[in-house]
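Chain letters run A, B, ... following the sequence lines, proteins first and then strands; every chain starts at 1.
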Number of protein chains: 2
Amino acid sequence: MAKIITQKNGTRKDVIIQKAAALYKSKSYTAASMRELAESLGVEAPSLYNHIGSKGELLEAICFRTGNRFIDQVRLISEGEESIVQKLEAIIRFHIRMMLENFDEVFVANHEWKHLQEPFLSDFLNIRRTYEKSIIDLIQQGIDRGEIKPLNPYVAVLTILSAVRGLEFWQRNKKNVSQQVLENDMVNHLLNGLTT
Amino acid sequence: MAKIITQKNGTRKDVIIQKAAALYKSKSYTAASMRELAESLGVEAPSLYNHIGSKGELLEAICFRTGNRFIDQVRLISEGEESIVQKLEAIIRFHIRMMLENFDEVFVANHEWKHLQEPFLSDFLNIRRTYEKSIIDLIQQGIDRGEIKPLNPYVAVLTILSAVRGLEFWQRNKKNVSQQVLENDMVNHLLNGLTT
DNA sequence: TTACAAAACTAACGGTTATTAGTTTTTGAT
DNA sequence: ATCAAAAACTAATAACCGTTAGTTTTGTAA
């Protein structure tokens with residue numbers, strides 16, 4: 001009968017969401033049960049419903065909090081005064097840091113969004129499209145200004161975003177390669193290529 | 001009471017696996033029920049068990065058929081006589097084609113392998129590691145020979161494989177960009193970069 | 001036409017799921 | 001110490017899950 005332990009400045013709902021993200025990441029949303037989630041919090045499953053409305057609401061919270069952080073940041077960077085390539089680099093670096101520092105939530109948002117129910121599913125996909133469109137526009141500008149090769153911008157943004165999202169597989173090598181090397185090498189690879 | 005329709009040279013089990021891949025892709029393995037799978041085949045759920053042993057067996061078939069195709073091909077390419085960069089290009093192009101031509105199965109293998117049970121889970125992860133290790137070795141050779149920049153080869157292979165795996169999000173744009181442009185631009189991006 | 005095997009069916013099993021209802025305990029402010 | 005609100009509990013619900021058993025239908029070869 002112990003209560004759910006909260007951090008300072010955090011509600012019990014926040015703790016539940018955070019634990020849900022970790023659980024959904026390791027077991028997937030559908031395979032993770034409310035009983036398991038409750039157990040990881042030291043509580044019985046029905047007790048969760050004093051704090052949340054439904055299982056789906058947890059997924060919504062995870063997906064939208066993450067999604068909104070991405071579009072807010074890309075908007076901020078786009079409005080700056082740097083060169084296109086510098087802006088792209090800033091976006092890639094931000095995305096890499098988000099992947100590494102908010103691993104659980106970003107992982108769940110990237111993998112489990114398909115289990116959102118309408119209208120949340122459509123809303124989430126809109127956020128995603130907005131994010132991608134912002135970067136596509138940036139790349140197109142770069143091509144127009146001659147900063148970037150005339151590649152198809154859809155392909156370029158897919159390549160970039162897929163590469164950084166792939167950091168979800170990184171955990172295991174964390175020991176051998178520092179975050180600095182990882183960030184620098186990936187940015188360098190995506191902007192300047194692999195060949196000498 | 002209509003029977004499951006088979007193609008020439010294919011068993012009913014093959015048809016079930018193929019439909020399972022499509023279903024697991026769109027709904028995820030855990031969320032997809034045997035009753036749904038049966039319905040998509042025009043049959044009742046228990047009838048499936050005349051052809052298969054269990055739900056898990058279907059996932060195993062999908063994951064291992066796909067995984068083995070990847071390591072077989074990368075071994076074949078590695079043994080050739082071309083330059084390192086040419087070999088890398090061949091691997092990237094093969095991976096892109098696999099993604100586009102065997103979409104459902106590759107998608108499921110990439111996303112749902114975590115629901116494999118032991119010992120299949122370990123076996124599958126071994127296949128994955130073998131695949132990645134082959135490419136890492138290739139990149140290291142390229143660095144040693146001066147064909148490739150001295151980037152961390154783990155980071156480089158993560159970037160490359162994540163980028164091509166990201167083609168799972170491609171379907172929607174299929175109309176606007178041809179497969180040729182997609183393949184060429186992504187290869188060019190991953191090998192030679194984005195900047196002018 | 002008969003006979004056998006393959007492949008479908010119906011009915012049902014025990015187990016798990018998210019969630020609700022109703023009750024008791026804990027906490028914190030007066 | 002008292003009282004109300006917050007947060008835990010137990011018990012139970014209907015729905016759905018993968019799978020088994022037993023039976024009937026279908027297709028094919030003799």
Starting at atom [atom1] of [X], determine the distance to atom [atom2] of [N], rounded to an integer number of angstrom.
X: Ile16(B); N: dA6(C); atom1: CD1; atom2: C1'; value: 13 Å
X: Glu39(B); N: dC9(C); atom1: CD; atom2: P; value: 12 Å
X: Leu41(A); N: dA8(D); atom1: CG; atom2: P; value: 9 Å
X: Tyr49(B); N: dC9(C); atom1: OH; atom2: C1'; value: 16 Å
X: Glu44(B); N: dC17(D); atom1: CD; atom2: C1'; value: 15 Å
X: Leu37(B); N: dT19(D); atom1: CG; atom2: P; value: 11 Å
X: Glu36(A); N: dT17(C); atom1: CD; atom2: P; value: 7 Å

Report which part of the nucleic acid Ala38(A) touches: base, sugar-phosphate, or nothing (heavy-atom distance under 4.0 Å, all strands).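 Nothing, no nucleic acid heavy atom in range.
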Do NZ/NE/NH1/NH2 and the carboxylate oxygens of Arg93(B) and Glu183(B) come within less than 4.0 Å?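 Answer for the salt bridge query: yes.
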Under 4.0 Å between a Lys/Arg side-chain N and an Asp/Glu carboxylate O for Lys13(B) and Glu57(B)?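 A salt bridge is present here (some side-chain N lies under 4.0 Å from a carboxylate O).
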Enumerate the residues from residues 50-65 of chain B whose closest heavy atom to DNA chain D is under 4.0 Å, giving them by residue number; use none for an empty result.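 Going residue by residue through residues 50-65 of chain B, the ones with a heavy atom under 4.0 Å of DNA chain D turn out to be Ser54(B), Lys55(B).
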For DNA chain D, the residues among residues 22-31 of chain B that have a non-hydrogen atom under 4.0 Å from it: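 Listed by number, there are none.
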Less than 3.5 Å apart, any donor N or O on the side chain of [X] or [Y] sitting next to an acceptor on the other?
X: Asn188(B); Y: Asn192(B); result: yes
X: Gln141(A); Y: Asp137(A); result: no
X: Ser40(B); Y: Glu36(B); result: no
X: Asp14(A); Y: Gln18(A); result: no

Would you please name every residue forming a ring pair (Phe, Tyr, Trp, His ring centres under 6.0 Å) with Phe107(A), sequence neighbours left out?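 Ring pair (Phe, Tyr, Trp, His ring centres under 6.0 Å) check on Phe107(A) returns His111(A).
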Check ring pair (Phe, Tyr, Trp, His ring centres under 6.0 Å) between Tyr29(A) and all other residues, then give those that pass, not counting sequence neighbours.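 Testing Tyr29(A) for ring pair (Phe, Tyr, Trp, His ring centres under 6.0 Å), a comparison that skips the adjacent residues, returns Tyr24(A), His115(A).
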Examine dA7(D): is either OP1 or OP2 under 4.0 Å from a nitrogen or oxygen in the side chain of Ser47(A)? Give yes or no.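 Result: no.
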Given Glu105(A), which partner from the list Lys19(A), Arg69(A), Arg65(A) fulfils the salt bridge (Lys or Arg N to Asp or Glu O under 4.0 Å) test?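 Output: one option passes, namely Arg65(A).
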Partner residues of Gln86(B) under the side-chain hydrogen bond (donor to acceptor under 3.5 Å, both in side chains) criterion, sequence neighbours left out: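 Once residues adjacent in sequence are excluded, the partners of Gln86(B) under the side-chain hydrogen bond (donor to acceptor under 3.5 Å, both in side chains) criterion are Ser83(B).
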Look at the aromatic rings of Phe124(B) and Phe64(B) and report parallel, tilted or perpendicular, splitting at 30° and 60°.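 It falls in the perpendicular class, over 60°.
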Write out a two-atom table: protein N or O, nucleotide N or O from nucleotides 14-16 of chain D, distance below 3.5 Å.
none

